[in-house]
Peer 1: 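Below is a structure I'd like to ask you about.
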Amino acid sequence: MEIYKDEIDSMNLMLKKVSVKGVSDAMEKHKDKDSKGIKAHFRMDESGLLHLDRVEISYEYKVEEQVADTGKSNVVGEAFAKFGQTISQLFGRSKEEGEPAGGAETSEPAENATDTTNATKANETIPSVDEKVNNTVNGTNMRTEVRIKMVKEVLSTDVEITDIPEQTAEEILVSEAKLKELNIKESEKLARDKIKNNLESFIHETKMKLFEKEYEDAVSEEEREKIQKDLSAASEWLEYESDAAETSVFRDKLTDLRATTRDMFDRVKEHRERPEALKTLTEMLNISSLFLNGAKNVSKEDQIFTEVELKTLDDLVTTTQKWMDESIAEQKKLPLNQTPKLLVKHIAEKIGLLDREIKYLINKAKFTPPKRKETKSEDATSETPEESKESSSGDEAETTENAEASEEDLKKSTESEAESETPKPTKVNEDPHSEL
């Protein structure tokens with residue numbers, strides 16, 4: 001503080017100079033009223049600067065008003081009036097007699113006030129300090145009330161800034177340009193600090209992970225040494241040579257380290273997510289097998305799936321199960337620090353194929369109408385055994401031909417309905433049910 005003492009002493013501590021005008025005119029205008037002084041109202045803005053809002057002069061005066069007497073006394077007004085009268089008498093007596101306003105002497109005015117209140121209640125025609133009862137006017141009792149009113153008049157002011165003068169339009173534009181430049185520099189600094197923190201966090205976290213079991217198994221000794229070497233070099237550069245580095249340099253360093261460790265992190269991710277993916281594929285195969293067995297056990301009359309659809313699902317289940325068993329066996333032969341052959345994305349593709357085929361068949365079973373069963377019509381007329389023998393021998397060939405024709409028509413109509421309502425699946429190797 002001693003360094004800036006001379007500068008502080010030389011500073012002008014007067015921030016603003018306010019000149020009030022029209023005071024004498026306002027006092028002359030309201031000279032018959034009781035003045036309550038001049039008040040200046042200030043407000044503070046968000047920057048902590050005071051601004052003059054207004055300056056006003058206040059006056060009080062009494063007004064007598066004629067009010068209809070409703071028969072109810074103004075208890076509140078009377079109480080305040082008598083309380084004020086008692087206080088004035090109390091202090092006036094103390095000043096005259098030179099005795100303190102207390103003790104037994106000060107209790108007499110209170111007793112007198114009580115007697116006056118009782119007298120007022122007994123005879124309401126006795127006027128109080130603020131009220132006077134007049135004669136009856138047009139059959140209505142009127143009383144005069146004395147009310148106190150306030151008059152405020154705003155005064156004109158002149159404000160003169162004495163600390164720092166207001167800026168011109170050109171100076172404001174220059175200040176805005178400086179603020180924009182500062183904002184740009186601040187955003188660049190934040191971006192640099194963020195990428196620097198990301199680089200530092202990546203170095204420390206990767207060094208710690210190299211000593212964890214799953215990361216030790218997923219990386220070879222040669223690869224581990226290279227990763228540790230690159231991490232140490234980046235850490236030393238970050239500690240001793242990064243003070244004047246630009247944001248792009250930190251970003252390039254982080255990109256290089258991520259490229260070096262990408263294979264290690266990918267292998268760990270595959271080993272970590274593969275068991276759950278295989279479990280999901282196994283459950284999907286079980287569901288598909290149960291659905292296929294149930295569809296095959298349906299009677300020929302109630303069957304709604306074609307042989308091609310059932311064979312497609314059967315081949316897909318068989319090939320998927322075989323692929324899974326072979327892939328698991330091959331993956332077990334590989335060490336954990338080599339690129340895996342059984343990838344999670346390949347497992348997800350197999351799950352998607354099974355799921356699509358099952359959904360297709362379920363939708364077909366849901367929307368395909370049931371088959372109509374053929375009913376034999378009985379002849380309404382009865383024939384004698386002799387007539388029946390004669391007619392049967394004559395119409396045997398025609399009946400056989402009609403029966404075969406009706407069976408062929410029913411089969412064709414059923415197949416045409418199934419083909420028109422549900423699309424036929426293609427082979428497994430192709431993209432089945434592409435219309436879905």
Side-chain angles (χ1 to χ4, degrees), residues 201-234 254-296 309-361 425-434:
S201 300
F202 184 83
I203 292 173
H204 290 294
E205 290 177 1
T206 307
K207 284 183 177 180
M208 296 292 293
K209 288 178 179 179
L210 286 175
F211 295 97
E212 296 180 5
K213 175 63 176 175
E214 58 179 353
Y215 287 91
E216 288 181 352
D217 297 339
V219 65
S220 62
E221 189 65 27
E222 181 180 356
E223 189 177 3
R224 184 200 309 277
E225 292 178 357
K226 184 179 184 305
I227 293 174
Q228 289 178 344
K229 182 180 179 181
D230 292 345
L231 292 174
S232 299
L254 182 58
T255 303
D256 294 340
L257 289 178
R258 284 177 174 172
T260 304
T261 58
R262 181 179 293 112
D263 294 339
M264 179 187 68
F265 284 112
D266 289 344
R267 287 193 290 269
V268 172
K269 183 180 179 181
E270 289 291 333
H271 298 332
R272 188 182 295 170
E273 297 179 358
R274 188 184 301 116
E276 188 66 25
L278 289 174
K279 180 181 178 182
T280 304
L281 179 59
T282 303
E283 292 177 355
M284 197 67 196
L285 285 171
N286 294 335
I287 294 173
S288 302
S289 300
L290 291 175
F291 183 85
L292 179 61
N293 293 332
K296 288 181 177 180
E309 293 171 343
L310 296 178
K311 187 176 185 304
T312 300
L313 180 59
D314 192 3
D315 293 342
L316 182 60
V317 171
T318 304
T319 54
T320 304
Q321 183 68 49
K322 181 180 179 181
W323 173 86
M324 185 179 68
D325 296 338
E326 293 177 353
S327 300
I328 292 175
E330 291 180 1
Q331 182 60 41
K332 288 182 178 180
K333 297 177 182 179
L334 292 176
L336 297 177
N337 56 14
Q338 291 187 9
T339 303
K341 292 185 177 181
L342 181 57
L343 301 178
V344 175
K345 65 177 182 179
H346 297 160
I347 301 174
E349 291 175 359
K350 297 295 183 181
I351 294 174
L353 291 175
L354 289 171
D355 182 67
R356 184 172 63 177
E357 189 68 26
I358 291 297
K359 285 182 178 178
Y360 168 78
L361 296 178
T426 56
K427 295 182 179 180
V428 179
N429 296 331
E430 300 177 358
D431 188 10
H433 320 310
S434 59

Peer 1: Which pair of non-hydrogen atoms, one from Leu292 and one from Leu310, has the smallest distance, and what is that distance?
Peer 2: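 Result for this residue pair: CD1-O, 3.7 Å.
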
Peer 1: Can you check whether Lys341's main-chain N or O pairs, donor with acceptor, with Gln331's side chain at less than 3.5 Å?
Peer 2: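 Flag set: sc Gln331 to bb Lys341 pair under 3.5 Å.
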
Peer 1: Tell me whether the count of non-hydrogen atoms from other residues, nucleotides or ligands lying under 6.0 Å of NZ in Lys207 goes above 12.
Peer 2: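 Above 12, so yes.
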
Peer 1: Set out, in order, the CA-CA distance, both residues' side-chain angles and the distance that settles side-chain contact (heavy atoms from CB on, under 4.5 Å) for Leu257 and Thr206, then state yes or no.
Peer 2: CA-CA 10 Å; Leu257 289 178; Thr206 307; over 6 Å; no

Peer 1: Excluding sequence neighbours, so at least two apart, what forms side-chain contact (heavy atoms from CB on, under 4.5 Å) with Pro275?
Peer 2: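 With sequence neighbours excluded, Pro275 shows a side-chain contact (heavy atoms from CB on, under 4.5 Å) to no residue whatsoever.
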
Peer 1: What residues, two or more places apart in sequence or in another chain, satisfy side-chain contact (heavy atoms from CB on, under 4.5 Å) together with Glu212?
Peer 2: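 Result, side-chain contact (heavy atoms from CB on, under 4.5 Å) vs Glu212: Lys209, Glu214, Tyr215.
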
Peer 1: Residues in salt bridge (Lys or Arg N to Asp or Glu O under 4.0 Å) with Arg267, at least two apart?
Peer 2: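 Arg267 satisfies salt bridge (Lys or Arg N to Asp or Glu O under 4.0 Å) with Glu223 only.
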
Peer 1: Only one of Thr312, Asp314, Thr320 clears side chain to side chain contact (heavy atoms under 4.5 Å, CB included) with Leu316; which?
Peer 2: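 Exactly one option meets the side chain to side chain contact (heavy atoms under 4.5 Å, CB included) with Leu316, and it is Thr320.
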
Peer 1: Please tabulate, one pair per line, all N/O donor-acceptor pairs under 3.5 Å involving side-chain atoms of residues 343-355, not counting sequence neighbours.
Peer 2:
residue	atom	partner	partner atom	Å
Asp355	OD2	Lys359	NZ	3.2

Peer 1: Which residues pass the side-chain contact (heavy atoms from CB on, under 4.5 Å) test with Asp217, not counting sequence neighbours?
Peer 2: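 Partners of Asp217 by the side-chain contact (heavy atoms from CB on, under 4.5 Å) criterion, ordered by chain and then number, come out as Lys213, Leu336.
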
Peer 1: Can you name the side-chain contact (heavy atoms from CB on, under 4.5 Å) partners of Ile328, sequence neighbours left out?
Peer 2: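 Ile328 satisfies side-chain contact (heavy atoms from CB on, under 4.5 Å) with Leu278, Met324, Lys332, Leu342 only.
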
Peer 1: Under the criterion side-chain contact (heavy atoms from CB on, under 4.5 Å), I'd like the reasoning laid out for Thr339 against Asp266: C-alpha separation, chi angles, the key distance, then a yes or no.
Peer 2: CA-CA 9 Å; Thr339 303; Asp266 289 344; over 6 Å; no

Peer 1: Against Gln321, only a single residue in Asp325, Thr318, Thr319 fulfils side-chain hydrogen bond (donor to acceptor under 3.5 Å, both in side chains); can you say which?
Peer 2: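 Of all the options given, the one that passes is Asp325.
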
Peer 1: Run Lys226 and Glu222 through side-chain contact (heavy atoms from CB on, under 4.5 Å) and show every step you take.
Peer 2: CA-CA 6 Å; Lys226 184 179 184 305; Glu222 181 180 356; over 6 Å; no

Peer 1: Mind running side-chain contact (heavy atoms from CB on, under 4.5 Å) on Asn337 and Val219 for me, showing each step along the way?
Peer 2: CA-CA 5 Å; Asn337 56 14; Val219 65; 5.6 Å; no

